[in-house]
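This report concerns only the one structure given below.
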Amino acid sequence: MVLEKMLACFRGPKLRRQLTSDEGPGKVYQANLVEATGDKFISVIRFCMSFTYWTSPVVLTVLYRRGYFSSEGLISIGKFAFSISVIYTVAYITRGFGRYSNADYLTFLSVLSAAQKSLTQQNKKMLARYDFEFWAWPVDWRMGENGEVKKIHQQISKPKLTEFNISNLPQRILGYLAVHTFGRRMLYPGATALINSLVGPVLSQNRASLIEEKQGKRAKLLSADGNEIDVLFVDRRHSGNPSGKTLVVCCEGNAGFYEIGCTVTPLEGGYSVLGWNHPGFSGSTGIPLPSQEQNAVDAVMQYAINSLGFTPDNIAGFAWSIGGYTASWVAMNYPDLKYIVVDATFDDIVPLAQARMPEYFENFVEFTVRSYLNLDIAEQLIRYSGPVLLIRRTRDEMITTKSDPTGVKLYSNRGNYLLIKLLQHRYPCIVDDSTLTVLADWLARLKSQQEDLWQTHEVDEDECLAKIRSYIRSNSDTFPCNIGEGYSEEEKKKMTLYLASRYMVDFDSTHCNPLPASFFKTPWTPDSEDQPKFL
């Protein structure tokens with residue numbers, strides 16, 4: 001019994017805090033000196049190993065130039081690795097003994113052991129009092145556990161550029177190595193040990209606030225590909241606020257976590273909220289590659305429907321930045337989704353990747369991204385026919401491709417291209433070659449300047465709305481919508497400006513500032529009772 005408990009202390013998860021409960025107030029777990037010392041060594045070694053792997057092309061180049069790939073050099077590397085292994089082993093044992101002498105840790109272990117053996121409601125309630133390394137948390141829900149809700153199962157087609165042939169084999173191999181060493185870590189820095197180490201304490205503190213103050217419920221989902229997805233649900237259905245009946249599924253950015261990310265916006269608005277972390281972020285396992293991202297958000301949606309009891313027409317998608325990829329995938333595959341709001345999101349990752357690499361790498365970047373990290377948000381979003389709201393940040397430094405000493409160039413914001421592609425698909429007879437120039441001019445301006453263009457073309461909001469409603473009554477409200485056949489060029493320009501003002505709103509901000517709750521609202525539809533006014 002003593003040996004079993006000792007081994008459990010060696011293998012057990014790191015305990016961070018005890019949360020507020022009926023038993024008493026919350027408190028940060030206080031490790032004794034022995035445990036804290038061992039844990040510090042382990043954390044530093046793990047961080048260095050991860051950082052070395054991330055920078056492996058540079059590290060290997062330096063080692064080669066300094067002659068470490070010779071027989072003597074390899075012996076030196078071996079000795080170094082052996083020394084690190086000994087230090088790690090000693091730290092591991094030291095930490096275990098420290099935990100064994102800590103009564104708080106032993107109490108936690110007994111609760112964890114009971115929950116792992118049988119995850120009853122009582123055991124889960126006891127376990128929820130603790131915040132600890134999530135790998136040890138038992139699985140709450142598995143993909144397919146309650147049956148899968150019908151969805152479309154759509155995927156965008158792979159570009160011909162990426163089709164296999166012998167001539168592109170060297171490029172394919174180099175691209176694979178680039179993506180799996182530094183590429184995906186640059187695209188999703190939130191999956192690196194560096195970011196997780198830096199924000200870990202903040203995540204723990206904010207997660208505690210969500211659980212203690214917002215009555216959040218944390219859970220572990222098992223996706224179709226075997227990844228464990230860390231989610232947190234805040235239920236507002238019985239709050240008395242009508243917004244609480246709608247569940248907002250939040251899709252975070254490339255360094256965002258539900259603890260400190262875009263979940264704050266719908267929470268402030270009184271909505272029920274389901275936050276989740278990308279594969280490899282915080283408590284979620286896996287790698288944030290497109291296929292794993294899709295499986296993760298699919299598990300989140302199925303959990304919301306099958307376990308939490310929401311129907312798709314009462315679920316909204318909310319995305320910030322690169323989270324637009326998973327949110328648009330959900331919209332594409334769940335056509336009954338209530339609506340989708342995307343903030344600071346781009347149309348396609350390729351132009352952004354090319355803008356940040358030397359020009360002579362342009363073709364290689366396109367091939368590699370299309371082959372392994374093809375985040376084509378626009379192609380997915382246009383396959384959704386429900387209400388959409390795009391929020392553009394006018395000083396966004398991350399998704400623009402042009403800038404100068406005076407600041408970023410608004411016309412190069414890739415959110416503009418997302419709007420253009422969406423409108424071209426939905427209203428092909430309105431947004432065509434004859435109106436693209438005026439739309440581009442509109443998107444290159446701030447609102448005060450857009451008002452001038454609006455007045456120049458004498459846009460009548462009531463007239464535009466009446467035309468759309470009349471078309472829907474006579475035809476249908478499906479997309480693509482052929483309204484605009486027979487319109488003059490000036491009529492089409494008026495309608496283009498009107499539609500652009502309905503589908504996109506501007507937020508005067510840089511990329512990373514929290515979005516005020518006032519910007520999160522139900523997107524425009526022609527039959528909306530409360531029709532917004534541009535002027």
Side-chain angles (χ1 to χ4, degrees), residues 49-71 73-74 77 153-193 223-227 254 278-281 285-298 322 324-326 328-329 332-333 346-380 383 399 401 414 417 421:
M49 289 173 63
S50 176
F51 186 77
T52 301
Y53 181 79
W54 184 22
T55 57
S56 56
V58 177
V59 172
L60 291 174
T61 301
V62 171
L63 291 175
Y64 176 76
R65 289 181 175 177
R66 295 188 178 182
Y68 278 97
F69 287 165
S70 63
S71 56
L74 291 174
I77 293 175
H153 293 283
Q154 285 195 86
Q155 296 287 359
I156 60 174
S157 58
K158 291 186 177 181
K160 290 185 178 181
L161 170 72
T162 64
E163 291 179 358
F164 178 80
N165 59 64
I166 296 298
S167 64
N168 66 27
L169 182 59
Q171 195 174 16
R172 187 176 296 275
I173 293 173
L174 287 174
Y176 179 88
L177 293 174
V179 165
H180 288 276
T181 50
F182 61 88
R184 64 178 174 82
R185 291 171 173 82
M186 292 176 64
L187 188 61
Y188 285 97
T192 63
S223 64
D225 53 7
N227 283 337
N254 66 350
H278 296 282
F281 283 51
T285 63
I287 301 170
L289 296 173
S291 61
Q292 295 188 35
E293 286 279 288
Q294 294 168 12
N295 284 323
V297 76
D298 199 18
I322 208 170
Y325 176 72
T326 45
S328 60
W329 187 90
M332 176 176 68
N333 283 281
F346 51 89
D347 63 321
D348 184 6
I349 194 66
V350 169
L352 291 172
Q354 289 175 328
R356 283 154 177 78
M357 296 293 287
E359 190 173 339
Y360 50 86
F361 280 139
E362 188 173 288
N363 292 334
F364 174 70
V365 169
E366 182 180 9
F367 178 84
T368 300
V369 171
R370 289 282 181 241
S371 298
Y372 302 107
L373 298 168
N374 190 28
L375 308 186
D376 194 339
I377 295 173
E379 186 64 26
Q380 294 184 154
R383 301 188 185 198
I399 63 167
T401 56
R414 295 305 305 188
Y417 298 86
K421 292 174 182 178

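Values reported hereafter were calculated over all heavy atoms of this structure, with side chains retained and with hydrogens, waters and symmetry mates removed.
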If you measure from [atom1] on [X] to [atom2] on [Y], what distance do you get to the nearest 0.5 Å?
X	Y	atom1	atom2	result
Gln354	Asn363	CD	CG	8.0 Å
Asn168	Phe367	CG	CZ	4.0 Å
Leu289	Leu187	CG	CG	9.5 Å
His180	Tyr372	NE2	OH	7.0 Å
His278	Ile287	NE2	CD1	14.5 Å
Arg185	Thr192	CZ	OG1	8.5 Å

So, using side-chain hydrogen bond (donor to acceptor under 3.5 Å, both in side chains) as the criterion, who are the partners of [X] when residues are at least two apart?
X	value
Asn227	Gln292
Arg414	Asp347
Tyr325	Gln294
Gln171	none

Evaluate the criterion side chain to side chain contact (heavy atoms under 4.5 Å, CB included) for residue pair Phe182 and Val58; output intermediate values, then yes/no. CA-CA 10 Å; Phe182 61 88; Val58 177; over 6 Å; no
Can you list everything that forms a side-chain contact (heavy atoms from CB on, under 4.5 Å) with Pro170? Sequence neighbours excluded, please.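 Counting only residues at least two positions away or on another chain, Pro170 forms no side-chain contact (heavy atoms from CB on, under 4.5 Å).
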- Ignoring hydrogens and geometry, is there a side-chain-to-backbone donor-acceptor pair from Arg356 to Pro351 under 3.5 Å?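 Side chain of Arg356 to backbone of Pro351: no pair is present.
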Inset, instruction - Under the side chain to side chain contact (heavy atoms under 4.5 Å, CB included) rule, what do Gln155 and Trp329 come out as? Steps first, then yes or no, please. - result: CA-CA 8 Å; Gln155 296 287 359; Trp329 187 90; 3.6 Å; yes
*asked:* Which residue is it: Ile399, Leu375, Ile377? I am looking for the one with a side-chain contact (heavy atoms from CB on, under 4.5 Å) to Ile349.
replied: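 Among Ile399, Leu375, Ile377, the one meeting side-chain contact (heavy atoms from CB on, under 4.5 Å) with Ile349 is Leu375.
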### Query
Picking from Val365, Val369, Leu373, Thr368, what satisfies side-chain contact (heavy atoms from CB on, under 4.5 Å) with Val350?
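Checked Val365, Val369, Leu373, Thr368 against Val350; only one passes side-chain contact (heavy atoms from CB on, under 4.5 Å): Val369.
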Taking the side chain as every heavy atom from C-beta outward, state whether Asn254 and Met186 have any pair of such atoms under 4.5 Å apart.
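They are not in side-chain contact.
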Closest approach of Pro279 to Ala191 (non-hydrogen atoms, all atoms of both residues):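 Where Pro279 meets Ala191 most closely, the heavy atoms are O-CB, 4.4 Å.
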Quick one: side chains of residues 64-71, donor-acceptor pairs under 3.5 Å with protein atoms, not counting sequence neighbours, listed by atom name and distance.
{"residue": "Ser70", "atom": "OG", "partner": "Gly67", "partner atom": "O", "Å": "2.9"}
{"residue": "Ser70", "atom": "OG", "partner": "Gly73", "partner atom": "N", "Å": "3.2"}

- Between Glu379, Gln380, Arg383, which is the residue that forms a side chain to side chain donor-acceptor pair (under 3.5 Å) with Ser328?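 Among the candidates, only Gln380 passes.
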